[in-house]
Amino acid sequence: MLTRIYGTAWATEKGLEQHLLQIAEAEKRDHRKLGREMDLFHFQEEAPGAVFWHPKGWTLFQSLINYMRNRQDEAGYVETNTPDMMDKSLWETSGHWDKFSDMMFRTEAKDDKIYAIKPMNCPGAVEIFKQGLKSYRDLPFLLSEFGKVHRYEPSGALHGLMRVRAFTQDDAHIFCTEDQITQESKTVCDLILSIYKDFGFDNVRIKFSDRPEKRVGDDAIWDKAEAALMQAMEATGLEYTLNPGEGAFYGPKLEFVLRDAIGRDWQCGTLQVDLNLPGRLGATYIGEDGNKKIPVMLHRALFGSLERFTGILIEHYAGHLPFWLSPLQAVVATITSDTDEYAYEVQKALVSKGIRAEIDTRNEKIGYKIREHSNSKVPAIIAVGKKEAEDKTVSVRRIGSSETKTFKLEDIVTSLSKEAKSPIE
RNA sequence: GCCGCGUUAGCUCAUUUGGUAGAGCAGUUGAUUUGUAAUCAUCAGGUAGUCAGUUCGAUUCCGACACGCGGCACCA
C-alpha cells in the first residue's frame, strides 16, 4: 500500500511558530468566517456557489455599487441592463457556445428554444450598440452594466465569495476606433488604480495575457490587438508581468490582481481588447469616409466580480471596514433604562443625517454591550448614561481603540456624517 | 472535474474498542438598572449531511451521493 504523508519543515522553532501564527491570523481574517460572524451572507447546499446576501451584506454590496456608479458617471459611462436569458443562437454566433457551452446554465420554456443564462454581458451590450445607426462621432461609446452572470464553475474551484457560480460584474463595453484603443485603455487603467486606492489597495499586480490556443479570429487581428494593448500598457508606465497564452478567446487582456489574507491571488479588474466579437455579432458604425466600419470593443470590469471584491475587502480590513462602508456604522448603547429616551433622540439625530445607526436598550451592563458590538465590528459605539443625558453629550468608543471620548451631540452627528460620505462625495 | 480530508445543537467542539449523544457560547424565561470587552439563575435545543448496506443493535464499520475544506486543473 502506498501512503502519502504531508508536512512542512522549518529550520528553526521560531520559523514554525511564525508560520503557525500566520495561519491563525489568516483564519481570523477569513471572509467566510467573518461573513458569518458579521451576519453578511451565507451559502447553502441547494445553491452551491450562489450567495444569500443578508441585510447587512447587501447594504455593503449596494454601497460598492453606488460608489462605482458615481465613478462611472463621472467617467462618461451610460448605464444599461440586458436580458439574463437569451437564445442559444446568440451565443453560438458570439463563439461562447463553442468554447464554454458545458459551463453555461441553460433553460427552456414552452417553445422549442434553448435559452442560455448569460455567462457574460458582452453580447447584450453589442445588441444595444447595434440599435440605431452609429457614427464615428459617437465613439468612444461607453456602455456600463451591473450584470449578474452565471457560470458552471468546476465544483473544486468554488471558494466562498472568491469563486462562485453566480456573480455580479461591474461590466462595461467601450466601442471605439482602432486609433482610440490606446487612449481608452490608458484611461481605464488609471480609473482602476484610482478606485483601488480608495479601498486601500496600493500594490496591485498587473498581468498581460496574450493569445490562447483556443481562440477566434486570425493572427493578423491578434497581432493588432496585442500591439494596441501593449502600447497602452507602456503608455501608463505601470509595471506588469507577462502571462503567455492566458488571454480571452476573443482578445488579449490585462488582469488586475489582488491578494487575499492567506496570500492567494485573485483577478479582480480586467481590460480586454476585442477585435472579434463586434464583427461576429454584426456591430458597425459609419466612418468619416461614409463607409460602414466595425468598431473595436474594449471589455472592462473594475471591481470585476462584486462578490469577489467584497470578499477581498473583508479580508483586507479583517472585518474592520472603513466607516463609509460599514453596514452598521454606530450603535447607541444605554447604561441604564433611565436614559432610553435620550438614547432614541441620539439615534434619531444620527439616522436623520444618513448614518446607519441602531440602538441597544437591552437590560445589560455597558461592558457586555461594548464587547458584543466590538465583536461584531461596529465602528462607533456610542454610550449614553445620566451624565450624557444631562449635558446633551455622548461618549464614543471607536473600534480598535479602548479610549472613550466625549462629544457634544451635534458635533458627533456632524463629524460622523462627514465620515459616512464615500471618498468621491 | 481530479487527489486527499471532513460533515454531531444557531456557533465552537466533546462522545476510549458498535449499545440511539454532552459542554461552552448564542437563544428562552426570571432576577439584576448596571459607566466601557462576558451579572446570576432557569429552561429549551439533535432522525449525528442524505440514502443504502453489514449487524440483534450504527453517530461509530462498508458503499454511493450531496455539500464543504486544502491542493491541482479550470477561470469568457
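For clarity, every value in this text was computed on a predicted model and none was experimentally measured. In what follows, every chain begins at residue 1, and chains take the letters A, B, ... in the order their sequences are listed.
For A37(B) and U50(B), the C1' atoms lie 42 Å apart once the distance is rounded to whole Å. Atom P of U8(B) sits at a distance of 16 Å from the matching atom of C51(B), rounded to the whole Å. Nucleotides A9(B) and U17(B) place their C1' atoms 27 Å apart, quoted to the nearest Å. To the nearest whole angstrom, the two P atoms, one in A41(B) and one in G49(B), are 33 Å apart. Using atom C1' as the reference point in both C62(B) and U55(B), the two lie 12 Å apart (nearest Å). Annotation: C2(B) and G27(B) have their C1' atoms spaced 43 Å apart (nearest Å). As rounded to the nearest Å, C11(B) and G68(B) have P atoms that lie 15 Å from one another. Comparing the P positions of A14(B) and A31(B) gives a spacing of 38 Å, expressed to the nearest Å.
Phosphate proximity of G35(B) to Arg397(A): absent, as no side-chain N or O sits under 4.0 Å from OP1 or OP2. Residue His159(A) places at least one side-chain N or O closer than 4.0 Å to OP1 or OP2 of G70(B). Within the 4.0 Å cut-off from OP1 or OP2 of U36(B), not a single side-chain nitrogen or oxygen of Thr404(A) is found. For Arg36(A) and U12(B), the shortest distance from a side-chain N or O to OP1 or OP2 is below 4.0 Å. Proximity of Arg32(A) to the phosphate of G70(B): a side-chain N or O atom is located under 4.0 Å from OP1 or OP2. OP1 or OP2 of A26(B) has at least one side-chain nitrogen or oxygen of Tyr368(A) nearer than 4.0 Å.
Across all strands, Gly385(A) comes closer than 4.0 Å to base atoms (heavy-atom distances). Residue-level contact check: Gln272(A) touches the backbone only, with heavy atoms under 4.0 Å from sugar-phosphate atoms and none from bases. Pro154(A) comes within 4.0 angstrom of a nucleotide base, judged by non-hydrogen atoms across all strands. Within 4.0 Å of Ala157(A), counting heavy atoms only, lies at least one base atom of the nucleic acid. Across all strands shown, Asn375(A) has heavy atoms under 4.0 Å from base atoms, whether or not it also approaches the sugar-phosphate. Counting any heavy atom pair closer than 4.0 Å across all strands shown, Glu388(A) reaches a base atom. Residue-level contact check: Thr334(A) touches neither bases nor backbone, having no heavy atom under 4.0 Å from any strand. Using a 4.0 Å heavy-atom criterion, one finds that Lys369(A) contacts no nucleic acid atom at all. Nucleic acid contact for Leu158(A): sugar-phosphate only, since backbone atoms but no base atoms lie under 4.0 Å from a heavy atom of the residue. Residue Phe43(A) is classed as having no contact, given no heavy-atom separation below 4.0 Å to the nucleic acid.
Take the nearest nucleotide of RNA chain B for Lys33(A) and for Arg151(A): the residue whose nucleotide is more 5' is Lys33(A). Place Gly156(A) and Ser402(A) on RNA chain B by their nearest nucleotides, and Gly156(A) ends up nearer the 5' end.
One interatomic measurement links the two molecules: CZ of Arg371(A) to P of G35(B), which rounds to 18 Å at whole-angstrom precision. Between Ile370(A) atom CD1 and U39(B) atom P there is a gap of 12 Å when expressed in whole angstrom units. The interatomic distance linking Glu213(A) (CD) with C75(B) (C1') rounds to 16 Å, in whole Å. Per the geometry, CD belonging to Gln267(A) stands 15 Å off P belonging to C74(B), to the nearest Å. Between Glu372(A) atom CD and U39(B) atom C1' the separation is 14 Å, expressed in whole Å. Spacing between atom NE2 of His54(A) and atom P of C11(B) amounts to 11 Å, rounded to whole angstrom units. Rounded to an integer number of Å, the gap from CD of Glu45(A) to P of C65(B) is 15 Å. If you take CD of Glu153(A) and C1' of C2(B), they are 16 Å apart, rounded to a whole angstrom.
Applying the 3.5 Å distance criterion, the base of G49(B) shares no donor-acceptor pair with the side chain of Gln44(A).
Among the nucleotides U39(B), U36(B), A37(B), the one closest to any side-chain atom of Ile366(A) is U36(B). Considering only the side chain of Pro48(A), C67(B) comes nearest among C67(B), U39(B), G35(B). Side-chain proximity of Ser155(A) to the nucleotides U39(B), G1(B), A37(B) is greatest for G1(B). Among the nucleotides G1(B), U36(B), C75(B), the one closest to any side-chain atom of Tyr152(A) is G1(B).
For CG of Asp219(A), the number of neighbouring non-hydrogen atoms (other residues, nucleotides, ligands) closer than 6.0 Å is greater than 12. Within 6.0 Å of CE on Met85(A) lie no more than 12 heavy atoms contributed by other residues, nucleotides or ligands.
Across all strands shown, A9(B) forms no Watson-Crick or G-U wobble pair with both key distances under 3.5 Å. The partner of G19(B) is C56(B), by the rule that a Watson-Crick or G-U pair needs both atom distances under 3.5 Å. Pair assignment for U29(B) gives A41(B), based on Watson-Crick or G-U wobble hydrogen-bonding distances that are each under 3.5 Å. Base pairing of G70(B) is made with C3(B), judged by Watson-Crick or G-U wobble geometry with both donor-acceptor distances under 3.5 Å.
Between the Ser417(A) side chain and the Thr414(A) main chain, a donor and an acceptor come within less than 3.5 Å of each other. No donor-acceptor distance shorter than 3.5 angstrom exists from the side chain of Arg356(A) to the backbone of Gln329(A), with no hydrogens or angles considered. Side-chain atoms of Lys130(A) come within 3.5 Å of backbone N or O of Leu281(A) as a donor-acceptor pair.
Contact check on Glu184(A) versus Arg300(A) returns no salt bridge, with no Lys/Arg side-chain nitrogen under 4.0 Å from an Asp/Glu carboxylate oxygen.
Screening Glu315(A), His159(A), Arg36(A), Arg308(A) against His31(A) for a side-chain hydrogen bond (donor to acceptor under 3.5 Å, both in side chains) leaves a single residue, Glu315(A).
Looking only at side-chain heavy atoms (C-beta outward), Lys253(A) and His299(A) stay at 4.5 Å or farther from each other. Contact check for Thr168(A) versus Phe303(A): no side-chain heavy atoms found under the 4.5 Å cut-off.
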